[in-house]
J.: 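Please find one structure pasted underneath; my questions will follow.
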Amino acid sequence: MRAWKTAIAACAIAMCGSASAAYAQDKTITLCWAAWDPANALVELSKEFTAKSGIKMKFEFVPWTNFADRMLNELNSRGKLCDLMIGDSQWIGGGAVYGHYVKLNDFFAKENISMDDFLPATVYAYSTWPKGSKNYYALPAMGDAVGWVYRKDWFARPEIQAEFKKKYNRDLAPPKNWTELKEIGEFFQGREIDGKKVYGAAIYTERGSEGITMGATDAMYPFGFTYEKTPGKYDMEGAVNSPDAVAGLEFYKSLYKCCTPPGHSDAYMTEDLDAYKSGQTALQMNFFAFFPGIAKDPNVGGEKSGYFANPPQKVEGSTLGGQGISVVAYSDKKAEALEYIKWFAQPDVQAKWWKLGGFSCHVKVAGAPDFPKSTPFAGEFLKAMGSVKDFWQEPTYAELLQAMQKRVHDYVVADKGTAKEALDALIKDWTATFKDDGKL
Amino acid sequence: MAVGTIDRIAERAARITPFGAANRMRGLSDRAIAWIFIMPSILILLAINIFPLLWTVYLSFTNYRANQPGRPVQWIGTANYERILSSGDIWGYLQVTAHFVVWTMLIQVALGLGLALLINRGFKTSSFWTTVILIPMMLSPAVVGTFWTYLYQPQTGIFSYIIDVFANVGAVDMIGSIHLAPWAIVIVDTWMWTPYIMLLCLAGLRSIPAYLYEAAEIDRANGLQKFWYVTLPRVLPFLMLAVLFRGIENFKMFDMVVELTSGGPGSATELASINLKREAFESWRTGYSSAYAVILFVTVFGLGNIYVKALNRVKS
């Protein structure tokens, strides 16, 4: 009899254990994002959320080159892997129209979360659909733009300064426009520094995902490239292939040809970082999100590197990076996911986020008077965010992106045709896509 | 076991068999019983192979997009097929695919047969070398693609270094050059799959009876004649089979090339299968990509059938 009682008690304890385990399991939410430095900072930050709420966090981080592929498949298949998604800015149209993201207006109103507390450019880019409307599908989570890093220590060397001044009749300093940037690239290309051959600039040329589009548009925006003549009208003729757009694309190709290291024909964030950190290049194009890591790098960090926002040419313009955080509509744990967003939106959490390496979009953090001086790149980040432009955020963005990847890579890397022909072909591709989508 | 015992067991088995079941089985023909046995396999085949194929054919005549479930699916006739067949870009991808398939087959057949003839001589360490040669074939194509990107790296890669040592041409950018990249993927595929051709050729060579060579010796045939009249006819069916398998595989090559070049530079190595994947799972043009898949399927199926007929002729 005693044996039976012991067995029953053991079973009861085991059942209670499994029930509490199941309960704990229920209180776990999964956040999906790209695998990069800020994601590690977010893991650290989220420990505080778990401590306060009792909700455990799981993270699904995918390398950038596969991020869109993997996560858009997840959303399109109505998967339940992610409860929270820090999706790319261009996904917002599809997220809203196809119902992947939960509309957050009622939640924001209920919890007194005001979009006025976030930088207007980030709210517009990361949260709204249709663009500029008051329909919010994400909370701005990670402000970002494409910027530049340069070898401050090389720039400071007297012999290099003297030679540069002799050649270009000006001081070697961060460029004021794209012409100057190219001159710096040409100056360093093939130069020997400390017994090692170095090159001008590591820029984006990647073919598979979005690399060359992010890089080329970074040059084209300052030259005056726009997607439409009239916003919202899809009238691309004369805008996408305008003389300014052609000049911008030609310039980007000339920069690729003159000033990149050998074999730099399929490079994106990681490859640019590798080239710069290994001391191969004087300049590096990359997202600001990587700059905290560069600042801490033992080889090129500290005083060895300086930072500047994308230089203007005819106008100011930088390619937008960054993401908003959304609740996935197929999640079974929307309440917990919303709780995370409520916690994340708090100013003190945002301040900690910035300290850990995330780029907060909160006005109390990014708008604080001491913010520009808080890191060597904070001021340039704010400058860049003042003139950011994004790729199409349409529901068909992936199709539009594929077309641009092909046309631009064909022209810039594979020497196929002229810039005008590439952009004309791009208009044809985009027109077909918009017609198919009923927009034209 | 005694005969009486077996009879007793059979009698007992017959007694305990339910009457209904026995009658039902007794009423079935051999053909019906055979159908019962193969029906599960046929149903599975229909469900996972034939139905998707037919469904793909149906979708190819529509504007369906898998990422837009709410959108009305419209029958658009042959519009997808017309769009694909009149697209210069698609013909370009098919040309890239043809270049890849033809050259990999030619080079691999020559090298594979050569290696098989060498290994078949049975020299002292031939077993060891057979194992070494087979290693690339055992690796994952994605891994092979990834590590060859390092070997091809113009500044630090060993491939560029070796070319420079022998040809003194400086750093060679195999992946970044529009002219060299199509050959870069041919080289990697050849490195990986020549052992497969070699293995099948070796099986063919080992199946040739020695008396045929003895008879050729008696007829005073020289080495070339023995190869032409004895070896080649016997190995040819094996070789053709290897080409069939590899040809089909290379027509739908994806993973190795994606890892190595992502289809670039530009579209220089964008094989049809890579482009199909972009259309189907990045752009989500499901109807369009279904038509694309059907065209590729018909092409492979048609070419495969012609080839199999030729193979049968060679065998007979």
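So you know, we letter chains A, B, ... as the sequences are listed, proteins then strands, and number each from 1.
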J.: Tell me, out of Lys406(A), Lys416(A), Arg407(A), who's got the most heavy-atom pairs with chain B below 4.5 Å.
T.: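 That would be Lys406(A).
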J.: Look at Glu270(B), Gln153(B), Glu279(B) and state which one has the largest set of heavy-atom pairs under 4.5 Å with chain A.
T.: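 Most pairs with chain A among the choices: Glu270(B).
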J.: Under 4.5 Å, counting heavy-atom pairs only, tell me which of Thr261(B), Ile274(B), Asp173(B) racks up the most with chain A.
T.: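 Most heavy-atom pairs within the cutoff with chain A belong to Asp173(B).
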J.: For Asp69(A), is it the side chain, the backbone, both, or neither that has a heavy atom closer than 4.5 Å to a heavy atom of chain B?
T.: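 The answer is the side chain of Asp69(A).
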J.: Pick whichever of Ser262(B), Gly263(B), Gly266(B), Gly264(B) has the most heavy-atom pairs under 4.5 Å with chain A.
T.: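 Winner by heavy-atom pair count: Gly266(B).
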J.: Does any donor atom in the side chain of Thr433(A) or Glu399(A) lie under 3.5 Å from an acceptor atom in the other side chain?
T.: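 Short answer, yes.
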J.: Which bit of Asp415(A) comes within less than 4.5 Å of chain B, counting heavy atoms only: side chain, backbone, both or neither?
T.: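 No part of Asp415(A) comes within 4.5 Å of chain B.
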J.: Are Leu400(A) and Met404(A) side-chain neighbours, meaning at least one heavy-atom pair lies under 4.5 Å?
T.: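 The answer is no; the side chains never approach within 4.5 Å.
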J.: Let me know if Pro154(B) has heavy atoms under 4.5 Å from chain A in its side chain, its backbone, both or neither.
T.: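 Contact with chain A involves the side chain of Pro154(B) alone.
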J.: Among Gly94(A), Pro395(A), Ser77(A), Gly208(A), which has the most heavy-atom pairs under 4.5 Å with chain B?
T.: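 The candidate making the most pairs under 4.5 Å is Gly208(A).
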J.: Pick whichever of Asn73(A), Thr65(A), Leu72(A) has the most heavy-atom pairs under 4.5 Å with chain B.
T.: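 Answer, by heavy-atom pair count under 4.5 Å with chain B: Asn73(A).
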J.: Sort out for me which of Asp436(A), Thr205(A), Thr396(A) touches chain B most, counting heavy-atom pairs under 4.5 Å.
T.: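 Ranked by contacts with chain B, first place is Asp436(A).
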J.: Indicate the ring-plane relationship of Trp33(A) and Trp36(A), choosing parallel, tilted or perpendicular according to the 30° and 60° boundaries.
T.: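 Because their plane-to-plane angle is over 60°, the rings of Trp33(A) and Trp36(A) count as perpendicular.
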J.: Examine the side chains of Glu82(B) and Ser86(B) and answer whether a donor and an acceptor come within less than 3.5 Å of each other.
T.: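 Distance-only check fails for Glu82(B) and Ser86(B).
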J.: Would you call the rings of Tyr58(B) and Trp55(B) parallel, tilted or perpendicular, where under 30° means parallel and over 60° means perpendicular?
T.: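 Judged by the thresholds at 30° and 60°, the geometry between Tyr58(B) and Trp55(B) is tilted.
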J.: Under a 4.5 Å heavy-atom cut-off, does chain B meet the side chain of Gln405(A), its backbone, both or neither?
T.: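 For Gln405(A), neither part sits under 4.5 Å from chain B.
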J.: In terms of heavy-atom pairs under 4.5 Å with chain A, which of Ile175(B), Asp89(B), Thr149(B), Asn63(B) leads?
T.: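 With the most close heavy-atom pairs to chain A, the winner is Asp89(B).
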J.: Would you check, one step at a time, whether the test side chain to side chain donor-acceptor pair (under 3.5 Å) holds for Tyr234(A) with Glu394(A)?
T.: CA-CA 11 Å; Tyr234(A) 305 97; Glu394(A) 296 285 325; 2.8 Å; yes
J.: Any side-chain heavy atom of Val300(B) sitting closer than 4.5 Å to one from Lys252(B)?
T.: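 Answer no - side chains too far apart.
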J.: From the options Tyr137(A), Trp129(A), Phe67(A), select the one residue that forms a ring pair (Phe, Tyr, Trp, His ring centres under 6.0 Å) with Trp91(A).
T.: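 Exactly one pass, corresponding to Phe67(A).
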